[in-house]
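Presented below is the structure to which this report refers.
In each ligand, atom 1 is the first atom listed, and ligand 1 is the first ligand listed.
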Amino acid sequence: MKNRVIMHIDMDAFFASVEQRVDPRLLGRPVAVTGSQKRTVITTASYEARAFGVKTGMTKGEAKRLCPWLIFVQANNRRYTDTCTRLVELYKHYSPLVEVYSVDEVFMDVTGIAGLSNGAISMATEIRHRIKDAFGLTCSIGMAPNKLLAKLASDMKKPDGLVVIRDHREAGKILKDLPVGDIAGIGPRLEKNLGDMGIKTCGELAGVHVRTLKNRFGVVGEKLHLMARGLDDSPVVPVWQEPDAKSVGHSMTLPRDVYNPETLERHILQLSEMVGRRLRRGQYAGRTVTLTIRYRDFHTFSRRKTLTEHVSDGFEICHLAVSILRSFRLKKAVRLVGVSVSNLAAVDQLPLLKKDRVRRDLIRALDTINDRYGEFTVARGRLLEPVNGNGHSNGNGNGSGNGHGVISPAWRPNGVKRVEF
Ligand SMILES: [Mg+2]
């Protein structure tokens, strides 16, 4: 394997920092960014708020108890995605290989542009200065021979840090006593399973025979064996070269539990429009529509229907999702609803009838307007109506719409979420 130089750039307290820039009164003060719904949790806390123990995922009440003078700011997703898009433009001056990993993180392959021992450090320093000058934001950068180690490195000196892991000897020292859960890709469940086997650190995990891990975890076992050693040969995939998505979906927790099917249908239309737009951005269309429902008691289930032809129009997706909803009786009030489309194909491989071309051109025109002025600047009439008189307008027509906090963690500019199984 050739020696690669991978950079991981992670913005510090991204949403909160952006808000502090927009409203200077928030600078230096404890700020928590929340979703727009009633039962919202904290999305990002500023470092001033973190000092009091305020964390992502806490409810407003919990946070307020820790820090009574905490300032809550409602998330403005447009601001964050716009900033992300502009940041990516900046990164592209340094390398064409930029992978937008999430709204506030990218991987960049600078192999052949800068070496790990010299050039890369000055490049990273320059990038940090430029981000500070142009955006007033700080980031933490990790550099290493692969993505796994680069991500680990960026996390080691947050905020405003720069950490280089030069080679596997250095990596070995860091990994030896590192809790397995600190590795990106080892989630709480896997961490617990490993803990049950008496494995707490990457050093211990590296000491387990690969066959034992394979017997216990299947294919994942093999991956774990490599991860524990800091080995990772996954490439940096530029946004526009992502492998085929398996499905595209959105879901939302409703502002309040909903029993009324008509209200649910409006939420389904909004979600379907978002899914349609993401499909079209990725130049995909799909045949299978899945509707996911979670009752107020958290019981969750999905139903799907498959068409003979591929669709990417939100209205058609909605039509199918609603027909699924009408095919069974709701037993309880609904807390969360989700719509996704799978069985995808690339649009340019599909035949197109003349009437479909007219429709496609109309949708394209709408997409262009929304791309330029923000999501839901132009939306179908029904989305503009308030939902069920509870004062919660579903999507809005004034150009500042954010899709109501439904931003996907895997959001990418012009990209489609890659779903891994
Ligand atoms: Mg971050």
Side-chain angles (χ1 to χ4, degrees), residues 6-22 26-35 40-58 63 73-91 94 98-108 124-125 127-144 147-165 178 181-188 236 239 402 405 407-413 415 417-418:
I6 309 294
M7 209 181 265
H8 180 249
I9 308 176
D10 185 6
M11 301 307 294
D12 298 324
F14 184 50
F15 296 176
S17 308
V18 169
E19 295 302 336
Q20 285 176 320
R21 282 297 136 189
V22 173
L26 301 176
L27 272 175
R29 302 178 66 183
V31 174
V33 176
T34 68
T40 186
V41 292
I42 288 166
T43 316
T44 314
S46 71
Y47 279 90
E48 295 84 359
R50 291 181 197 196
F52 291 91
V54 177
K55 288 195 183 98
T56 299
M58 278 182 180
V73 180
Q74 193 172 304
N76 186 332
N77 293 333
R78 265 269 306 290
R79 252 177 217 155
Y80 315 141
T81 52
D82 284 351
T83 309
C84 172
T85 308
R86 283 163 56 217
L87 282 166
V88 171
E89 291 308 313
L90 189 156
Y91 303 144
Y94 293 89
V98 180
E99 175 177 330
V100 182
Y101 187 70
S102 75
V103 69
D104 73 329
E105 283 172 74
V106 302
F107 286 104
M108 187 152 65
T125 308
I127 291 174
R128 285 165 70 206
H129 284 146
R130 284 184 66 178
I131 293 177
K132 232 174 253 178
D133 288 348
F135 298 87
L137 299 171
T138 65
C139 65
S140 297
I141 300 186
M143 279 187 299
K147 286 165 79 175
L148 181 123
L149 293 173
K151 188 156 164 61
L152 194 62
S154 72
D155 209 30
M156 286 169 68
K157 254 194 220 161
K158 269 191 140 318
D160 207 12
L162 170 61
V163 174
V164 184
I165 300 176
L178 190 82
D182 284 8
I183 295 267
I186 302 189
V236 170
V239 178
N402 305 315
I407 189 170
S408 155
W411 178 91
R412 292 141 201 263
K417 178 181 177 185
R418 185 168 19 153

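Closest non-hydrogen pair, A13 versus Y47, comes out as CB-CE1, 3.6 Å.
More than 12 heavy atoms of other residues, nucleotides or ligands sit less than 6.0 Å from atom NZ of K158.
Between Y80 and F15, the two ring planes are parallel [angle under 30°; tilted spans 30° to 60°].
The shortest side-chain heavy-atom distance between T44 and R50 falls under the 4.5 Å cut-off. Counting heavy atoms from C-beta on, the side chains of I42 and K55 never come closer than 4.5 Å.
Here 3 is the count of protein N, O or S atoms positioned under 2.8 Å from the Mg ion (ligand 1), waters not counted.
The pair D10-K151 does not count as a salt bridge, with every side-chain nitrogen at least 4.0 angstrom from each carboxylate oxygen.
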